[in-house]
Amino acid sequence: MQQKIINQLTLIVDELIKSSDVGDVNYKIRLQENKDKEHGDYASNIAMMLAKDLSENPKNLAEQISKDFPLDDEVLRVEVAGPGFINFFVSEATHAEILKNIDAEKEKYGHNKKKVGKVLIEYVSSNPTGPLHVGHGRGAVFGSVLASLLKAAGHKVDEEYYVNDYGRQMSILSVSVWLRYLQNSSKNISMSPLGYQGDYIKLIAQELFKENKDKYLLSDNDRDNILPILELQEDEKDIDSLISFMQKTLGEGFSEIRSFALDNMLNIIKSDLINFGVEHNLWFFESSLYIEEKGKPSKVDKGISDLSSNDFVYEKDGAIWFKSSKLKDDKDRVLQRSNGDHTYFSSDVAYHLDKYNRSYDRIINIWGSDHHGYLPRVRAAMEASGRDTNKLEVVFIQFANLVRNGEKISMSTRSGDFITLNELMNEVTAEAARFFYINRKADQHLEFDLELAKEQSKDNPLYYIQYAHARICSVFNKVEYDLEEGHEKVDLSLLIAEKEIEIQKHLATFPALIEKAAKSNDPHLICYYLKDLASLFHSYYNNEKFIIEDSSLMISRMFLLKGVKQVIFNGLEILGVSSPEAM
RNA sequence: GCCCCGUUAGCUCAGUCGGAUAGAGCGCUGGAUUCCUAAUCCAGAGGCCAUAGGUUCAAAUCCUGUACGGGGCACCA
């Protein structure tokens, strides 16, 4: 319906522009839905938009356009109002066509059938040195919901986790696991306070022992040597001596423990994510960027030489620098340190070049808002390598505060007493956690109310929406009528009550909502849409009865409920939340 | 000091490719169930859209300054 009006308006406006000989005028007709029924169903502001270009009074312009607008049994009346709005009044029956669309498209309703390009979303990518905690939760949900949203909008989507398996932290992880392993047999081995303290380290160490028994134990002599090193673990650098000791003593065993620890850690992370409804189809290892094959340079070296050949690299104080300050970054950045080690940044240059080489139309990174200062240098590197920086989008996720009984739960990185994602899921369920995380705009701080997430009442928006779905299912269970059978007979012109029209109009906006949310990376809009839909339904439910004597009216109402149920399902599906049949 | 994000009802927040009278939930006040799930609904009160300018026929929305809050400014990852 809306499209029909827009098409018709375009015809008239084109004609108007042609006859006014002002040359080409760029315009786009948008039809807004009117809140106030006095103003009709839809309105266009096109007359006011064009008034200047055509040097004509907007009201006169609107009059001309509306005069030419053909009326029929769908568009009943066209009016000019206010400063130059053109209002359209359509017949009540036209709203029902949307129900047929929904019934035809089912779970595809709202989805774009056209293919609109390939997207890479990289998200979570937390360091594999500890389990996911609540700080990772928001980004995890955001990424996975954005992925299904973009799929619905017609994109081919890859979801990628970037594994930081290359830096010093991996060595610290290995040492930590090894120490816990040694503690099984030697009481006087202490855990370095500079290692990772969590209980998960002990679990991995137990697994290590189960699979390898005594393989990595120390000789008496070596045990005497490690004790003084363990004595001195104060400054951050002191753990390095422990790392070198481990490398020296175990030889190949060092990298065996390292990959054992990494595999176990990733399994923990993967299973937490899956429990949370998040599943990446690609896992990219930082270490792969450093592999040299068949005499070819590693991807990192290739990245640096790319920058270098465009004259963006120089050497200073024994280090290799990227001239990012020439491209809108605050200062130049080190790619390779004076000790020969590559920086994390140089990995990231290579990683992003690799993303570009995989020919995506959009490359989306989901980062914590504390990383915003990092974007200019990555952008600069892509620009310096001749890549189109418009393809790279970064969504920054603000922090979420957990709140219990009105009190913020404080979490300090230092003490390491983070609440894990697992604990959160156990307390409020994965579904509720997903919904509450995605219920806010990404760049907005979020208060996650644990009590509310557990509450089973309309105060909890997730329950409110799910309850609408369950209520409809309940009606369908009660009614003695085959929902599939009678739909040829349904008379949609009976659905003309005010609330019925309101619901149908709202259902009709779902595809546009998906498109808009996908375009601006705003999955939270789906939550608000569904709350509105649920609210319209609950109100309707209290106002009308559905199981009634008048069977043709009943059938038409069933058809309406079926549409509501389908759209709630489709929306919750994108959020990765279930639509219960009963509650 | 420089940079990024935010500031909308008592609270938590939508709305920001400019549109007619700024919305929702909670909380507050008052109502609705012999009936399909009251896990619900209906009504009322509640606003200088942080602030000062600017652009426009039209600004919560765009531009500039200021205040307040969060974050970031490593040869860490």
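Here is how names work: the chains are called A, B, and so on, in the same order as the sequence lines, proteins then strands, and each is numbered from 1.
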| Watson-Crick or G-U wobble mate for B:C2, both contacts under 3.5 Å | B:G72
| query | With a distance cut-off below 6.0 Å to the six-membered ring centre and an angular limit of 45° from the axis, does A:Lys355 pair with A:Phe284 as a cation-pi contact? | reply | no
| field | A:Glu455 CD - B:G25 C1' separation (whole Å) | value | 12 Å
| request: Specify the separation, in whole Å, of atom CG of A:Leu375 and atom P of B:G72. | output: 16 Å
| task | Ignoring backbone atoms, establish whether A:Lys52 has a side-chain N or O less than 4.0 Å from OP1 or OP2 of B:A58. | result | no
| request: Report the nucleotide, chosen from B:C13, B:G19, B:C26, that has the shortest atom-to-atom distance to any side-chain atom of A:Asn45. | output: B:G19
| said: Measuring to OP1 and OP2 of B:C36, would you say a side-chain N or O of A:Arg557 lies under 4.0 angstrom away? | reply: no
| Near A:Glu515 CD, under 6.0 Å, is it more than 12 heavy atoms from other residues, nucleotides or ligands? | no
| Which heavy atom in A:His469 sits nearest to a heavy atom in A:Pro580, and how many Å separate them? | ND1-O, 2.9 Å
| So what does A:Phe345 hit on the nucleic acid, given a heavy-atom distance under 4.0 Å: a base, only sugar-phosphate, or nothing? | nothing
| note | The nucleotide from B:G18, B:A14, B:G71 with an atom nearest the side chain of A:Arg30 is B:G18
| request: Mark yes when over 12 heavy atoms from residues, nucleotides or ligands other than A:Met49 sit less than 6.0 Å from its CE; otherwise mark no. | output: no
| request: Please state whether the phosphate of B:C3, meaning OP1 or OP2, lies under 4.0 angstrom from any side-chain nitrogen or oxygen of A:Arg377. | output: no
| How is A:Asp341 classified with respect to the nucleic acid when contacts are heavy atoms under 4.0 Å: base, sugar-phosphate, or nothing? | nothing
| So, do A:His39 and B:A20 meet the stacking rule of ring centres under 5.5 Å and planes under 30°? | yes
| Is there a Watson-Crick or G-U wobble partner for B:G19 with both distances under 3.5 Å, and which nucleotide is it? | B:C57
| request: Using the aromatic ring of A:Tyr541 (for Trp, its six-membered ring), decide whether it stacks on the base of B:C36 within the limits of 5.5 Å and 30°. | output: no
| message | I want to verify a distance call: between B:A20, B:A77, B:A14, whose nearest atom is closest to the A:Gln444 side chain? | response | B:A14
| query | Reckon A:Tyr528 touches a base, only the sugar-phosphate, or nothing at all at heavy-atom distances under 4.0 Å? | reply | sugar-phosphate
| Under 4.0 angstrom, heavy atoms only, what part of the nucleic acid is A:Leu452 near: base, sugar-phosphate, or nothing? | nothing
| Closest nucleotide of RNA chain B for A:His342 versus for A:Asp532: which of these residues is on the 5' side? | A:Asp532
| said: Applying a 4.0 Å non-hydrogen cut-off, can you work out what A:Asp348 is touching in the nucleic acid: base, sugar-phosphate, or nothing? | reply: nothing
| query | Counting any heavy atom closer than 4.0 Å, what does A:Met554 reach on the DNA or RNA strands: base, sugar-phosphate only, or nothing? | reply | nothing
| message | From C-beta outward on A:Asn127, which listed nucleotide comes closest to its side chain: B:A77, B:G19, B:G6? | response | B:A77
| field | Phosphate contact (B:G15 OP1 or OP2) by A:Lys441 side-chain N/O below 4.0 Å | value | yes
| task | Quick one: look up who B:G65 pairs with, Watson-Crick or G-U, both distances under 3.5 Å, and put none if it's unpaired. | result | B:U51
| request: Counting heavy atoms from C-beta on, name the nucleotide in B:A77, B:C5, B:A14 closest to the side chain of A:Gln398. | output: B:C5
| request: Give the nucleotide from the list B:C75, B:A20, B:A39 with an atom nearest to the side chain of A:Ala81. | output: B:A20
| Residue met sooner reading RNA chain B from 5', once A:Ser44 and A:Ile547 are mapped to nucleotides | A:Ser44
| query | Is A:Ser539 touching bases, backbone alone, or none of the nucleic acid, heavy atoms closer than 4.0 Å? | reply | sugar-phosphate
| message | Please determine whether ring-ring contact (aromatic ring centres under 6.0 Å, His included) holds for the pair A:Tyr162 and A:Phe285, giving the CA-CA distance in whole Å, both sets of side-chain angles, and the decisive distance to 0.1 Å. | response | CA-CA 6 Å; A:Tyr162 178 62; A:Phe285 291 85; 9.4 Å; no
| Just checking A:His371: base, sugar-phosphate only, or nothing, at a heavy-atom cut-off of under 4.0 Å? | base
| request: Take atom OH of A:Tyr290 and atom P of B:A77, then tell me their distance rounded to the nearest Å. | output: 9 Å
| query | If you check the A:Phe85 side chain, which of B:G19, B:A14, B:C17 turns out closest? | reply | B:G19
| So what does A:Ala51 hit on the nucleic acid, given a heavy-atom distance under 4.0 Å: a base, only sugar-phosphate, or nothing? | nothing
| request: Select one nucleotide: of B:C75, B:C3, B:C13, the one nearest the side-chain heavy atoms of A:His372. | output: B:C3
| request: State the pairing partner of B:A39; accept Watson-Crick or G-U wobble contacts with both distances under 3.5 Å, and report none otherwise. | output: none
| said: Please report the interatomic distance CG(A:Asp41) to CZ(A:Arg77), rounded to the nearest 0.5 Å. | reply: 10.0 Å
| said: Considering every strand and a 4.0 Å limit on heavy-atom distances, what is the contact class for A:Ser338: base, sugar-phosphate, or nothing? | reply: base
| request: Please tell me which of the listed nucleotides, B:G69, B:C36, B:A74, lies nearest to the side chain of A:His445? | output: B:G69
| query | Heavy atoms under 4.0 Å, any strand shown: does A:Asp443 hit a base, just sugar-phosphate, or nothing? | reply | sugar-phosphate
| task | Could you work out which one of B:G19, B:A14, B:U16 sits closest to the side chain of A:Arg440? | result | B:A14
| task | Using the P atom as the reference point in each nucleotide, state the distance between B:A58 and B:U21 in Å, no decimals. | result | 14 Å
| query | Considering Watson-Crick and G-U wobble pairs with both distances under 3.5 Å, what does B:A14 pair with? | reply | none
| said: Taking side-chain hydrogen bond (donor to acceptor under 3.5 Å, both in side chains) as the criterion, tell me which of A:His371, A:Glu393, A:Glu160, A:His352 meets it with A:Asn365. | reply: A:His352
| said: Base, sugar-phosphate or nothing for A:Glu236? Non-hydrogen atoms, less than 4.0 Å. | reply: nothing
| request: Would you indicate what A:Ala582 reaches in the nucleic acid, counting non-hydrogen atoms under 4.0 angstrom: base, sugar-phosphate, or nothing? | output: base
| note | In whole angstroms, the gap separating C1' of B:A39 from CZ of A:Phe537 amounts to 13 Å
| request: Mind checking A:Gln456 for me? I need base, sugar-phosphate or nothing, with any heavy atom below 4.0 Å counting as a touch. | output: base
| field | Euclidean distance, atom CD1 of residue A:Ile397 to atom P of B:G72 [Å, nearest integer] | value | 16 Å
| said: Can you tell me how far apart CG (A:Asp341) and CG (A:Leu335) are? Round to the nearest 0.5 Å. | reply: 13.5 Å
| field | is_close_aromatic(A:Phe142, A:Tyr123), centroid dist under 6.0 Å | value | no
